[in-house]
Protein chains: 2
Amino acid sequence: MTETSRKLDTPRRGSARRDLAPADSVPRESPDSRETTPRHEGPKFRRRADARPDEVLDAALALFTEKGFAAARIDDIAQRAGISKGAVYLYFPSKQALIEAIVERALGPIAEEAIERLATLPGDPRLVISSVLRVLGRQLTSAQALAIPRLVIREAPSFPDIAELYRRAVLDRVVPALTALIRRGIAEGHFRQIDAELTVRSVVGPVLAHMVLADIFGILPADGLALDRLIENHIAILFDGLSLKA
Amino acid sequence: MTETSRKLDTPRRGSARRDLAPADSVPRESPDSRETTPRHEGPKFRRRADARPDEVLDAALALFTEKGFAAARIDDIAQRAGISKGAVYLYFPSKQALIEAIVERALGPIAEEAIERLATLPGDPRLVISSVLRVLGRQLTSAQALAIPRLVIREAPSFPDIAELYRRAVLDRVVPALTALIRRGIAEGHFRQIDAELTVRSVVGPVLAHMVLADIFGILPADGLALDRLIENHIAILFDGLSLKA
DNA sequence: GTCTTATAACTGACTGGTCAGTTCCAAGAC
DNA sequence: GTCTTGGAACTGACCAGTCAGTTATAAGAC
């Protein structure tokens with residue numbers, strides 16, 4: 001049941017990449033072995049183990065997002081990373097270790113980015129919240145950044161450990177910080193008397209809904225994603241409401 | 001690729017259940033065959049084909065939600081429905097037909113429930129939107145009702161046909177109806193000049209965020225789900241904003 | 001009522017295929 | 001030469017889907 005709890009001892013031998021090989025323009029051995037000559041122009045092995053784990057993780061993230069964890073094959077992940085299946089197991093002990101490493105790798109950057117900004121900043125909480133939303137919008141433009149929460153949400157029921165990891169690293173910091181910010185806004189007379197805890201949902205929900213509609217169902221404004229416009233529209237409503245007179 | 005489009009020819013031989021068997025208090029053969037006597041009290045199987053498809057679908061929905069489509073085993077679905085694996089294939093031609101039937105079965109009820117209510121009602125759009133949100137809240141209290149969109153969102157990348165089915169039956173009706181409603185609110189002077197299309201995200205997003213936080217990550221208010229309170233809090237913000245003076 | 005026959009509902013062993021994880025040897029780096 | 005790296009064949013488990021056989025129920029014969 002909970003063999004999920006098997007801790008990963010990911011090798012991850014150094015993440016600083018040396019770039020011994022030219023990276024791009026890799027000959028990669030023409031697939032059709034035409035002619036009889038066994039010519040192997042260009043190096044068959046690239047010998048840059050340091051960059052490999054990240055490449056494998058990128059490939060795995062792409063395929064997990066596309067097909068889901070269970071349906072994604074290690075063979076395909078390896079192929080996308082430009083290596084063979086066996087090589088994957090040089091860097092990661094199991095398929096599950098891949099998803100764990102993906103989430104862990106993404107946690108560092110995410111954690112710092114937005115939290116300090118809002119937990120510490122003094123001044124009108126409206127400005128802080130607006131700034132946070134705009135940063136969030138800028139982040140979500142990258143497909144890569146969006147893929148992580150998507151993957152976590154999708155696989156959460158199957159991998160409670162990973163969901164908890166994410167929750168602890170991201171949500172348990174962002175949600176309380178936002179709540180505190182709203183509470184301060186009330187205390188300092190900027191906000192009306194509302195429930196700070198529940199209001200957090202009103203702050204982030206519209207962005208979530210926008211991404212779900214666009215990403216999952218392909219429902220988006222005529223002029224593309226329009227995340228900027230969405231966020232400005234949302235900020236206007238969040239602080240001043242829909243009603244005209246008010 | 002799109003073998004999803006294979007239409008399901010589900011037998012579903014009449015949904016009016018005959019209830020030949022007493023339904024409840026079914027002996028169902030005590031699982032532990034205690035004593036040496038091979039006594040088989042009660043019928044070995046129940047013979048009520050009319051109720052079976054729905055039971056299978058219920059079991060399948062539960063397991064798909066728990067483990068995801070790919071990881072759920074037909075054997076487990078059958079066991080939860082109280083029949084054998086082979087019997088599942090008496091009613092549904094394939095595993096995929098299960099997920100299709102689940103979504104189709106859920107579509108009828110959902111479609112009617114909320115759309116007419118908001119598309120047609122005249123009067124202050126604020127009251128209509130409030131009413132819609134409250135109905136939505138009441139619906140989402142049932143774990144069953146929540147499971148369908150969850151499943152669709154989760155499996156959408158793997159089953160674009162199903163995502164589109166859901167989009168067409170639900171979203172393509174709800175989103176435009178809400179958009180029109182907001183537009184009318186603007187035209188009639190109830191709402192400020194905002195982008196109606198984007199504002200739809202502000203109307204439904206907070207509820208979505210609440211359900212994701214609660215359902216996926218177990219983050220909920222001290223006093224339980226509190227959907228009612230969330231919705232009232234959201235309505236207050238949506239129409240009049242957070243700001244005090246405004 | 002009891003017996004016989006027909007058929008619908010169901011079972012579970014089996015098959016064919018897929019895939020995670022292993023192994024081992026060849027090829028490259030140094 | 002030795003050490004490192006990669007690849008592809010292999011293994012073993014797992015599982016969707018099949019099918020020949022079994023059991024319950026209904027209908028008709030008497």
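Proteins get letters first, then strands, A, B, ... in listed order; numbering begins at 1 in each.
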Gap between atoms CD1 and P, on B:I77 and D:dA16 respectively (whole Å):
8 Å
Figure out the CD1/P separation between B:I99 and D:dA16, and round it to whole Å.
13 Å
Among D:dA16, D:dA8, C:dG12, the one nearest any side-chain atom of B:K95 is D:dA16
Listed partners of A:R138 passing salt bridge (charged side-chain N to carboxylate O under 4.0 Å, His left out), at least two apart:
none
Would you mind reading off the distance between B:Q79 atom CD and D:dC15 atom P, rounded to a whole angstrom?
13 Å
note: B:F92, atom CZ; D:dT18, atom P; distance rounded to Å ~ 15 Å
What class does the angle between the rings of A:F69 and A:F159 fall in, given that below 30° is parallel, 30 to 60° is tilted and above 60° is perpendicular?
perpendicular
Please pick, from D:dG17, C:dA20, D:dA8, the nucleotide with the shortest atom-to-atom distance to any side-chain atom of A:Y89.
C:dA20
With no hydrogens and no angle check, is any side-chain donor or acceptor of A:K85 less than 3.5 Å from a backbone partner on A:R73?
no
Whole-Å distance separating the CD1 atom of B:I83 from the C1' atom of C:dG12
13 Å
So, is A:Y91 near the phosphate of D:dG6, with a side-chain N or O under 4.0 Å from OP1 or OP2?
yes
May I ask you to test the A:V88-A:D75 pair for a side-chain heavy-atom distance under 4.5 Å?
no
Can you tell me the distance, in whole Å, between the CG atom of B:L90 and the C1' atom of D:dC19?
11 Å
Mark yes or no for whether B:H210, through its side chain, and B:L225, through its backbone, hold a donor-acceptor pair below 3.5 Å.
yes
How about CD on A:Q79, more than 12 heavy atoms from neighbouring residues, nucleotides or ligands closer than 6.0 Å, or not?
no
Rounded distance (Å) that lies between atom P of D:dC14 and atom CG of B:D76
12 Å
Dump the pairs, protein N or O against N or O of nucleotides 11-13 of chain D, anything under 3.5 Å, distances to one decimal.
none

With a 4.5 Å heavy-atom cut-off, do B:L198 and A:P221 have their side chains touching?
yes
Atom CG of residue position B:D228 - does it have more than 12 heavy atoms of other residues, nucleotides or ligands inside 6.0 Å?
no
Give the C-alpha distance, both sets of side-chain angles, the deciding distance and a yes or no for salt bridge (Lys or Arg N to Asp or Glu O under 4.0 Å) between A:E155 and B:R154.
CA-CA 8 Å; A:E155 304 296 347; B:R154 181 172 189 183; 3.8 Å; yes
At a heavy-atom distance below 4.0 Å, what parts of residues 68-75 of chain B sit against DNA chain D?
B:A72, B:R73, B:I74
Euclidean distance, atom NZ of residue B:K85 to atom P of C:dA13 [Å, nearest integer]
12 Å
